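Right, one structure below, let's go through it.
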Amino acid sequence: MGFMSVLSFAHKLTAERLQQGGRAIDATVGTGADTLFLAKAAGPRGGVYGFDIQPAALSLAEERLRLAREEAPAALSPVTLLLHSHAAMAETVPQDWCGTVSAVMFNLGYLPAGDADKTIITEPEGTLAALEAALALLRPGGIITAVLYPGHDGGDREAAAVMAWAAELPSGKAQSIVYRQLQRSTAPYVIAVEKKKGADL
Ligand SMILES: C[S@@+](CC[C@H](N)C(=O)[O-])C[C@H]1O[C@@H](n2cnc3c(N)ncnc32)[C@H](O)[C@@H]1O
């Protein structure tokens with residue numbers, strides 16, 4: 001049967017914590033697959049913000065959301081897509097979202113589209129700033145998932161930085177886990193961080 005893929009695992013952890021009416025953030029919109037997943041889970045009373053630095057990514061995501069809205073007009077939450085680095089998350093997401101967000105998804109690396117420039121990748125410094133901002137935005141019991149790609153140039157350094165960040169979080173404030181195939185060191189893997197109830201972050 002095999003284990004669940006890393007993307008399915010990230011979705012499962014998120015779906016367990018993001019209910020209809022909830023708030024969520026896609027930190028790396030890309031083609032919008034995760035954005036659409038979040039918008040469905042949050043539903044029409046919820047809300048989603050999405051970040052990407054490439055206009056091409058936001059166009060792909062807008063088209064994906066448009067098609068989904070055509071099929072089921074009332075099924076998705078409002079989605080605000082921003083052409084901004086996720087490093088600006090703390091200043092960009094409305095102040096009143098602080099401490100209320102159920103899920104923040106990161107899917108790091110490059111835009112997985114045929115003609116995309118694969119040298120445009122997420123960078124450790126911005127990613128770590130965004131992870132810190134995401135943790136502050138989470139509600140107690142909310143979750144951050146990060147899909148990491150140690151197999152491409154730069155991805156290994158970023159994965160190590162995210163692992164170190166998650167491992168060093170005080171356990172009274174957040175719990176962090178890793179989901180990883182152990183026999184293939186270059187295979188993508190997931191880190192998830194759940195904010196503890198009562199944590200003062
Ligand atoms: C692996 S893709 C995301 C895949 C996406 N979740 C999907 O469902 O298709 C990574 C994305 O991160 C974007 N990215 C790179 N640096 C970024 C940054 N500083 N802030 C936000 N997005 C960034 C890239 O442009 C790319 O589209």
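Note that this is a predicted model, so its numbers are computed, not measured. Numbering of ligands and ligand atoms starts at 1, following listing order. Side chains included, hydrogens not; waters and symmetry mates left out as well; all remaining heavy atoms used.
Closest protein heavy atom to atom 10 (C) of ligand 1: Asn107 O, 3.2 Å. For atom 9 (O) of ligand 1, the nearest protein heavy atom (residue, atom name, distance) is Thr31 OG1, 2.6 Å. For atom 15 (C) of ligand 1, the nearest protein heavy atom (residue, atom name, distance) is Thr122 CG2, 3.4 Å. Atom 5 (C) of ligand 1 has as its closest protein heavy atom Val29 O, 3.2 Å. The protein atom (non-hydrogen) at minimum distance from atom 22 (N) of ligand 1 is Asp52 CA, 3.5 Å. Of all protein heavy atoms, the one closest to atom 19 (N) of ligand 1 is Ser85 OG, 3.0 Å. Nearest protein heavy-atom contact of atom 6 (N) of ligand 1 is Asp34 OD2, 2.8 Å. Shortest contact from atom 20 (N) of ligand 1 to any protein heavy atom: His86 N, 2.9 Å.
Residue-ligand proximity: Pro112 is placed with a non-hydrogen atom under 4.0 Å from ligand 1. Judged by the shortest distance from any of its heavy atoms, Gly109 lies inside the 4.0 Å radius around the atoms of ligand 1. The closest approach between a heavy atom of Leu108 and any atom of ligand 1 is below 4.0 Å. Ligand 1 lies less than 4.0 angstrom from a heavy atom belonging to Ile53.
When only modelled atom types and interatomic distance are considered, Tyr110 and Asp117 share no side-chain donor-acceptor pair under 3.5 Å. Side chains of Gln19 and Ser102: no donor on one and acceptor on the other come within 3.5 Å.
Taking any N or O of Asp26, backbone or side chain, none lies under 3.5 Å from an N or O belonging to ligand 1. At under 3.5 Å, a nitrogen or oxygen of Ala33, whether backbone or side chain, sits near a nitrogen or oxygen of ligand 1. For ligand 1, the polar-atom distance check finds no N/O of Tyr149 at less than 3.5 Å from any of the ligand's N/O atoms.
Closest approach of Leu76 and Arg69 over heavy atoms only: CD1-CG, 3.8 Å. Scanning all heavy atoms of the two residues, the minimum distance from Arg139 to Arg17 falls at NH2-O, 2.7 Å.
In this structure, His86 and Phe106 have tilted ring planes: the angle between them lies in the 30° to 60° band. Using bins of under 30°, 30° to 60° and over 60° for the plane-to-plane angle, the ring pair His84/Phe51 lands in the tilted bin.
The Gln54 neighbourhood of ligand 1 comprises atoms 24 (C), 25 (O), with distances under 4.0 Å to a heavy atom of that residue.
The proximity of Ala27 to ligand 1, defined as any non-hydrogen pair under 4.0 Å, is limited to the backbone. Residue contacts with ligand 1, taken as heavy atom pairs separated by less than 4.0 Å, involve Tyr110 solely via the backbone atoms N, CA, C and O.
Under the 3.5 Å distance criterion, the side-chain polar atoms of Ser5 are matched with a main-chain donor or acceptor of Ser8.
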Decide yes or no on side-chain contact (heavy atoms from CB on, under 4.5 Å) for Leu148 and Glu158, but give the supporting numbers first.
-> CA-CA 8 Å; Leu148 308 172; Glu158 183 176 46; 5.5 Å; no
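Salt bridge annotation for Arg66-Glu70: present, with a cationic side-chain nitrogen under 4.0 angstrom from a carboxylate oxygen.
Under the 4.5 Å side-chain criterion, counting only non-hydrogen atoms from C-beta, Val193 is not in contact with Ile143. By the 4.5 Å heavy-atom criterion applied to side chains, Leu135 and Lys173 are not counted as neighbours.
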